[in-house]
Amino acid sequence: MNYNTVFVGMDVHKENFSLCCYTNEKEQAEYHQKVAGHYSKVINYLEAMRFHYGDDVTFICGYEAGCLGFTLYHQLTDHGVKCIILAPTTMLKPSGKKKVKTDKRDAALIARCLAHHDYSPVHIPTEQDEQTKEYLRMRDDHKLALKKVKQQILSFCLRHNYRFDGTANHWTQAHLKWLRALKPDGLYQEILSEYLLTYDQLTEKIERFDRRIEELASDKEYRENVHKLTCFIGVKTTTALAVLTEVGDFKRFATAQHFASYLGLTPGEDSSGDGQNRLGITKAGNRHIRSLLVEAAQSYARGQIGFKSKALKDRQQGNDPKVIAYADKANERLRRRYYRMVLHSNKKANVAKTAIARELACFMWGMLTGDIA
């Protein structure tokens, strides 16, 4: 019997892949097979399946986004195999509290979602976007390492009763000078020196990374859009470039609300009948951008409404007057809304910042789609 389309579900892991086929005619998964974790084994499996489905069959393969990234996708598409990466949060999951989870069942679920279109595909970035995104994430990994070292140094000082009595905040020049002037006894001196050496190395690395990111952002592929996004308060080059490389084409979202939903910044809901129950944000979609926008939203929690710092004016310089006016309108609205939510509506600060992050995402969508009227 000949089939037009066969959907191949792939539950992929580092060492092995679990494969199966699904057709709308039979509506069941069949020909389950576990193979070594290499794309050539998938191609061999598809060739073997032509014996069952006919030589003119079209295979559509799919797997969940995960640790393999886009490598398997590119390997299969380079060999003429249509492949789709499914967003896990959009797939139709089996109902019920108790369930049996195996690789075989996961592959069948993926194949069934492919056949019934119960999923949203993951956006495939360009090669340049993928490389830039990896560089930005590498920089963030070093930032986390620096944060941990700072915590370790402060904990060391607290354990041994070295207390900074200055009026300045921690990690200012005055605080660093105080740390370097400490003279602990015995081996403690060596421990503190090693901590400070690691701190200096990571600080220098991150400064070098930031200079390189400025160079990447000046590329013609990103220059104009980065310049536009940095017109918003709290959005500098690193955040703007990360948003561009992670999202790709903003026009693939029909509305600003769709973009906010993609980032998981919209509230969930558990309503039935006449009762309505609002939940926290869904936290679906891209966690990295969501975190960056929430961090950017913290800048709206301080400062006077309508005030523009010198740094912000410098970032806005050179943009189209319409772009600057749109950003100024957004900045004023978001800061005003934050103060109204916290001071008048008694909302928690973190709740208000998350709401500001959602609106900031919507303004970003408008900026990059040209909807700035």
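Since the model is a prediction, treat every value here as computed from it, not as a measurement.
When the side chains of ILVMFWY residues are joined at heavy-atom separations under 4.5 Å, either directly or via intervening members, Leu292 and Trp365 end up in two distinct hydrophobic clusters. Hydrophobic clustering (side-chain heavy atoms under 4.5 Å, transitive across Ile, Leu, Val, Met, Phe, Trp, Tyr) keeps Val81 apart from Tyr22.
For the atom pair OG1 (Thr172) and NE2 (His170), the distance works out to 8.5 Å, reported to the nearest 0.5 Å.
Judged purely by distance below 3.5 Å, without hydrogens or angles, the side chains of Asn4 and Tyr53 never pair a donor atom with an acceptor atom. Tyr39 and Asp78 form no side-chain donor-acceptor contact under 3.5 Å, judged by distance and modelled atom types alone. Ser193 and Gln189 are linked by a side-chain donor-acceptor pair at a separation below 3.5 angstrom, with hydrogens and angles left out of the test. Counting only N and O atoms by type, the side chains of Asn331 and Arg333 include no donor and acceptor under 3.5 Å apart. Side-chain N/O atoms of His123 and Asp249 include no donor and acceptor closer than 3.5 Å.
More than 12 heavy atoms of other shown residues, nucleotides or ligands fall within 6.0 angstrom of atom NE2 in His160. The number of heavy-atom neighbours closer than 6.0 Å to CD of Glu215, taken from other residues, nucleotides and ligands shown, is above 12. No more than 12 heavy atoms of other residues, nucleotides or ligands sit less than 6.0 Å from atom NZ of Lys41. Annotation for Gln151: atom CD counts as buried by contact number, over 12 foreign heavy atoms lying within 6.0 Å. Within a 6.0 Å radius of OH in Tyr188, other residues, nucleotides and ligands contribute 12 heavy atoms or fewer. No more than 12 heavy atoms of other residues, nucleotides or ligands shown are found within 6.0 angstrom of NZ on Lys104.
Legend: residues meeting side-chain hydrogen bond (donor to acceptor under 3.5 Å, both in side chains) with Asp210, ordered by chain and number and at least two apart, are Arg139.
Between Val122 and Tyr73, every side-chain heavy-atom pair lies at or beyond the 4.5 Å cut-off. Residues Leu368 and Leu244 meet the side-chain proximity criterion, which asks for heavy atoms closer than 4.5 Å. By the 4.5 Å heavy-atom criterion applied to side chains, Ile110 and Met91 are counted as neighbours. Between Met364 and Leu293 there is a side-chain heavy-atom pair separated by less than 4.5 Å.
Taking the six-membered ring for Trp and thresholds of 30 and 60 degrees, Phe253 and Tyr262 have ring planes inclined between 30 and 60 degrees apart. Note: Trp178 and Phe164 have tilted aromatic rings, judged against thresholds of 30 and 60 degrees for the angle between ring planes. Phe232 and Tyr326 have perpendicular rings, their planes meeting at more than 60° on a 0 to 90° scale where under 30° would count as parallel.
Contact record, Ile84 with Pro121: CG2-CB, 4.1 Å, taken as the closest heavy-atom pair. Here the closest heavy-atom approach between residue Gly318 and residue His227 is recorded as C-CE1, 3.9 Å. Closest approach of Met341 and Ala352 over heavy atoms only: CE-CA, 3.8 Å. The minimum heavy-atom distance between Pro267 and Arg358, with the atom names listed, is CD-NH1, 4.0 Å. Closest heavy-atom contact between Gln298 and Lys353: CG-CD, 3.8 Å.
In this structure, Tyr63 has its ring center no closer than 6.0 Å to that of Phe17. A centroid separation of 6.0 Å or more is found between the aromatic rings of Tyr45 and Phe59.
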Checklist entry - Does the salt bridge (Lys or Arg N to Asp or Glu O under 4.0 Å) test come out yes or no for Arg137 and Glu134, once each step is laid out? => result CA-CA 5 Å; Arg137 292 195 175 191; Glu134 290 290 347; over 6 Å; no
Checklist entry - How far apart are the C-alpha atoms of Cys113 and Thr90, what are their side-chain angles, what is the distance that settles it, and do they pass the side-chain contact (heavy atoms from CB on, under 4.5 Å) test? => result CA-CA 10 Å; Cys113 287; Thr90 64; over 6 Å; no
Next on the checklist: Run the side-chain contact (heavy atoms from CB on, under 4.5 Å) test on Val12 and Glu64 for me, step by step, so that the C-alpha distance in whole Å, both residues' side-chain angles and the decisive distance to 0.1 Å come before the verdict.
Outcome noted: CA-CA 8 Å; Val12 299; Glu64 286 185 280; over 6 Å; no
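A salt bridge is defined here as a Lys NZ or Arg NE, NH1 or NH2 lying under 4.0 Å from an Asp or Glu carboxylate O, and Lys310 with Asp314 meets this definition. Salt-bridge annotation for Arg211 and Glu214: absent, with no side-chain N of the basic residue lying under 4.0 Å from a carboxylate O of the acidic one.
Looking at Ser345, its side chain never comes within 3.5 Å of a backbone N or O of Val342 through a donor-acceptor pair. The backbone N or O of Ala284 sits less than 3.5 Å from a side-chain atom of Arg290, completing a donor-acceptor pair. Between the side chain of Arg335 and the main chain of Arg302, a donor-acceptor pair closer than 3.5 Å is present. A donor-acceptor pair under 3.5 Å is absent between the side-chain atoms of His13 and the main chain of Glu15, judged by distance alone. Without hydrogens or angle criteria, Asp219 side chain to Tyr222 main chain gives no donor-acceptor distance under 3.5 Å. His175 places a side-chain N or O within donor-acceptor distance of the main-chain N or O of Trp171, the cut-off being under 3.5 Å.
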Would you tabulate the side-chain donor-acceptor contacts of residues 199-206 under 3.5 Å, counting partners in other chains and residues two or more places apart, or write 'none'?
{"from": "Asp200", "atom 1": "OD1", "to": "Arg180", "atom 2": "NH2", "distance (Å)": "2.9"}
{"from": "Asp200", "atom 1": "OD2", "to": "Arg180", "atom 2": "NH1", "distance (Å)": "3.2"}
{"from": "Thr203", "atom 1": "OG1", "to": "Tyr199", "atom 2": "O", "distance (Å)": "2.8"}

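Between Asp106 and the options Lys101, Lys34, Arg112, a salt bridge (Lys or Arg N to Asp or Glu O under 4.0 Å) holds for only Lys101.
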